[in-house]
Every structure is written in C-alpha cells, then in structure tokens.
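Reviewing the structure listed below.
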Protein chains: 2
Amino acid sequence: MPAEAKVSAKVNKVAKVDARVTAPASPPLTERQEARRRRILHASAQLASRGGFDAVQMREVAESSQVALGTLYRYFPSKIHLLVATMQDQLEHMHGTLRKKPPQGETAAERVAETLMRAFRALQREPHLADAMVRALTFADRSVSPEVDQVSRQTTAIILDAMGLEDPTAEQLSAVRVIEHTWHSALITWLSGRASIAQVKIDIETVCRLIDLTAPGVDP
Amino acid sequence: MPAEAKVSAKVNKVAKVDARVTAPASPPLTERQEARRRRILHASAQLASRGGFDAVQMREVAESSQVALGTLYRYFPSKIHLLVATMQDQLEHMHGTLRKKPPQGETAAERVAETLMRAFRALQREPHLADAMVRALTFADRSVSPEVDQVSRQTTAIILDAMGLEDPTAEQLSAVRVIEHTWHSALITWLSGRASIAQVKIDIETVCRLIDLTAPGVDP
DNA sequence: ATCAAGTCTGAAACTTGTTCTAGATTAGCG
DNA sequence: CGCTAATCTAGAACAAGTTTCAGACTTGAT
C-alpha cells in the first residue's frame, strides 16, 4: 500500500467555486506533501518575481523549497508545468480579490475591460512574475494542455463574472475566447517591450466592444 | 578593414514592397555569406517541418547547412532569433502568394477573415513548422524585439492589404492589432491541441467583425 | 603580391533542464 | 510494534543551447 497518502479531505477551495474552475482532485496529498507543494510554488513565485522566467531555475527552486530535485520533478514534471501551476495559484488569488469588488461599469463591455485592466495593474506590480507565468503559458506544449486549459477556464470564469451572465450564448463565448486571446497576446507584447501600457489598454478596450456586438438582441 | 563585406547592393526584395515591411539593410552581406544565410534558414525550416520546435537543434542546423556552430551563432544569436528569422522568411513568401489572388469577400471583414483562413490552411500543411515558428515568436524576449516587430509589421501589412485601405484610422489600426493578437493566440491554442480548426475559424471570424465596427462612419 | 582585419572552422567547455540510481524515510496496515 | 510499498534525498549523468578559443581562411587595401 502507498505511504504518504489519503489523509486530507479538506483541500476543497472556497467551497462555492464552480466545479469547472476547480482542479480535478487527483490523488489527495498528505499534509506534509501539501506543505511541500506550497513551498515549491512559493519558491517558484519568489524567484520569478526577482528575475522572470530565466530566474526560475529548477535547482534553485528545489533548494529554496527544501526539496530534492527529483522530488520537485515528481510534483511538477517540467519547469513549464511548475510555472503554469504557479499561474493557476496566482489566478485563484486574483479571482478572489476581484470577486470582492465587482467592476462598476454600465455595460458588460465596460465591466470586462475594467476587470482586465485591474488584473493588468496587478501584473504590473510584479512584471517579472508576470513574465515567467505568461511565457510559460504560451510556450506550453501538448503535455501541459490540461493545466493550461485549467488556467483558461479560470480566466473565462473571471470574464463571465465581470459580464454578469448566467448562461452566455455561443456567440458570447466566442467573444470571450477572442478577448482571452487578445489578453494573452497583448500581455506578451507588453512584457517584451513592444507595446506600452497605454497600448494594451486600448487593445483591451477595443476587443471588449465585441461583447456589446454579441449582446442578445443584437445581430441575432 | 573588413574582409567578406560590401559586395552586394542588389539585395533589395521585390522592389516595390513598402519600406516598413522590408528589413533594415544592416551590413550588406557577401554572396557567400548570403548563401550561408540561406542554407541556414533552409535547414532550419526543414528540420522544423519534421519535428517542430524541439527538432530544430542548433548543432543539427549547423551540420545541415554546412556551417560551424560558432558561425551559426554569428548569423543568428539564438535559436529563437533563428526561428523568428525563419518566420520572416516564410511570411514573405506568404505575402507574395496572397498578393496574387486577392480575397473575394464583399466586406473588409470578410476579406480579412478569408485571407487569414488561407494563411491558416497553409500552416496546416506544415503544422510542425508552424509550431516551431509560432512558439519561437511568442517565447521571444526583449532581445528579439526588433525581429518580432518586423514580423508583426509584415502581418499588419498583409491584413491591411486584405482590407484594401490606403490610410487606416487609428481605430482601425487598433482593430488590426487585436486581430493579430487573436491570430497568434488562436494559432497557439490550435498547435497545442486545445482548440480545433473549426474553433480557430470561428475565433477569426468573430474578431474580424471588429473591422466593420470600426469602419469610417460607424461610431465615429 | 602582400598584409591587416575580420570570418569561419572544429572542438571543448559551460549552463541549465531533465533523467536515473541507490539508499534512507515515511505512511498505513496487521 | 514490525512490515512493505511508496516517497524522498543526494548526487551523478545526460541533453541541448550557448560560449569560448586557437588556428585556418577571405577580403579589400596598399
């Protein structure tokens, strides 16, 4: 029989969170394992905050989190997996934070733009961390699809929250997907210094207009 | 004084191409150097076509193109630079091809969507090559900004061509940027198996609606 | 033709992500 | 408590991107 295993059963998040945005509870972890995982994610975020993607070196992460290199790889099968998991972690925080103060805009488009700009400002406070996470996200190959998909669902949830919709139409979901595309790509252009903050703002506002365009009753 | 240098002066492309999309003529290359550069790019594209990003190994590129590793690095200071240059190369071909058969759509949005879908189908024929190029493009850091920017300008030129515009408004340029964002990001989701071809098509068509939205006379 | 400066080559070294191994630890069960 | 399977650790080993270096080769100028 397994060793460190099935001990916890209280790992569930904030309780009422939509099942589609909560990670599939794979083999439950021991408390010590949960602690290790946290230490690793913490070290990852910390190193990323310093020097971005390149500063997150697996040996350093292992050392900082007091874990052997082999163990690190058991928890996160690659650097990309690790950074995407770090992003999931940060996104959860963000979603929680955003929930507390819903956007004030009149239209759905305004609220979504406001929400994304708020998230953007948060990223600006830790540009290196943003760099590491976003680069990992877009560089991820098929082996990371489930995790990246999870991040995508979480992002979708945040946007739908901002729109204040119960059940969006297929058209609206398309618009949301396009908004996500723009969001990721605009972040990249900003991170690599090819677009200014103002530019990103304009792009976000521009793409959010799609929401009004696809509002029920318009162009049905 | 330099050795292999200033010999050519006929390196200019197809002649009438807009200056904004033609690379800044850095130190002109000898014919042999131009030939080396071509061999390298060819080897890069060939290896990429086989196995995508990972299959483009610098040692192999060097060997395939009959060039020492150090020389390869002199021409392209990193694997990312090499692949982005490969993309520039391919994009030029593509732009040339697209020019020949302009899209038939009624509206600008239709023509842009048609053009992008045509490009998409071309990429589908060499999915591994697409993988290598797009991954490199989005993974590129600041040190590759000039080259990535060049690719972006070329892409913009293709889209503006499809729209058939002389001098676009600022608003239209925003829409074009958003379309490019969507284009890149949608490609990534397709390449990593998280979106189907149909999905990409829908996203492209959705974002192209922004063009009509920003047409002069609408929402001035 | 000769020379100085810049290029190219071949090979080794270095870096960082990833894999592998042997032995020490830990968890849960009887 | 003692057993067994799984996990963890330390460290070596491997792979591919990148750097470095000494020596051979080209080039344009004198």
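The structure displayed is predicted, hence computed values, not measured ones. Quick note on labels: first sequence line is chain A, next is B, and so on, each numbered from 1.
With rounding to whole Å, A:Leu82 atom CG is found 14 Å from C:dT18 atom C1'. Rounding to whole angstrom units, CG of residue A:Leu47 and P of C:dG17 are separated by 11 Å. Rounded to an integer number of Å, the gap from CZ of A:Phe76 to P of C:dG17 is 16 Å. The CZ atom of B:Arg37 sits 16 Å away from the P atom of C:dT7 (whole-angstrom rounding). Per the geometry, CZ belonging to A:Phe139 stands 10 Å off P belonging to D:dG17, to the nearest Å. Whole-Å rounding puts the B:Gln33 CD to D:dT26 P distance at 13 Å. What separates CD1 of A:Ile40 from C1' of D:dC8 is a distance of 11 Å, to the nearest Å. In this structure, B:Glu34 places its CD atom 16 Å from C1' of C:dT7, rounding to the nearest Å.
Other residues, nucleotides and ligands contribute more than 12 heavy atoms inside 6.0 Å of the CD atom of B:Gln124. With a 6.0 Å radius and a threshold of 12 heavy atoms from other residues, nucleotides or ligands, B:His95 has its NE2 atom above the threshold.
Contact check on A:Glu63 versus A:Arg59 returns no salt bridge, with no Lys/Arg side-chain nitrogen under 4.0 Å from an Asp/Glu carboxylate oxygen. A salt bridge links A:Glu205 and A:Lys201; the closest N-O separation between the charged side-chain nitrogens and carboxylate oxygens is under 4.0 Å. Electrostatic pairing of A:Asp89 and A:Arg38 counts as a salt bridge here, judged by a charged N lying under 4.0 Å from a carboxylate O. We find that A:Arg118 and A:Glu114 are joined by a salt bridge, their nearest charged nitrogen and carboxylate oxygen being less than 4.0 Å apart.
The stretch residues 126-135 of chain A does not touch DNA chain D, since none of its heavy atoms comes less than 4.0 Å from the strand.
Using a 4.0 Å heavy-atom distance criterion, B:Glu63 is classed as making no nucleic acid contact. Residue-level contact check: B:Glu60 touches neither bases nor backbone, having no heavy atom under 4.0 Å from any strand.
Between atom OG of residue B:Ser65 and atom CZ of residue B:Arg39 there is a gap of 6.5 Å, rounded to the nearest 0.5 Å.
Defined by atom type and a distance below 3.5 Å, a donor-acceptor pair is missing between the side-chain atoms of A:Gln46 and A:Ser64.
Side-chain proximity of A:Arg32 to the nucleotides D:dC8, C:dA27, D:dT26 is greatest for C:dA27. Listed candidates were D:dT18, C:dT9, D:dT9. Nearest to the side chain of B:Val67 is C:dT9. Relative to the side chain of B:Ser78, the nucleotides C:dA27, D:dT18, C:dT9 differ in distance, and D:dT18 lies closest.
The residue among A:Asp54 and A:Gly70 whose nearest nucleotide of DNA chain C is located toward the 5' end is A:Asp54.
Ring centers of A:Phe139 and A:Phe53: at least 6.0 Å apart, outside the cut-off.
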Atom pairs, protein N/O to nucleotides 12-16 of chain C N/O, distance under 3.5 Å:
{"residue": "C:dT16", "atom": "OP1", "partner": "A:Gln57", "partner atom": "NE2", "Å": "3.2"}

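A sub-4.0 Å separation between OP1 or OP2 of C:dC8 and a side-chain N or O of B:Tyr73 is absent. For B:Arg36, no side-chain nitrogen or oxygen approaches OP1 or OP2 of C:dT7 to under 4.0 Å.
By the ring pair (Phe, Tyr, Trp, His ring centres under 6.0 Å) test, A:Tyr73 pairs with no residue at all, sequence neighbours left out.
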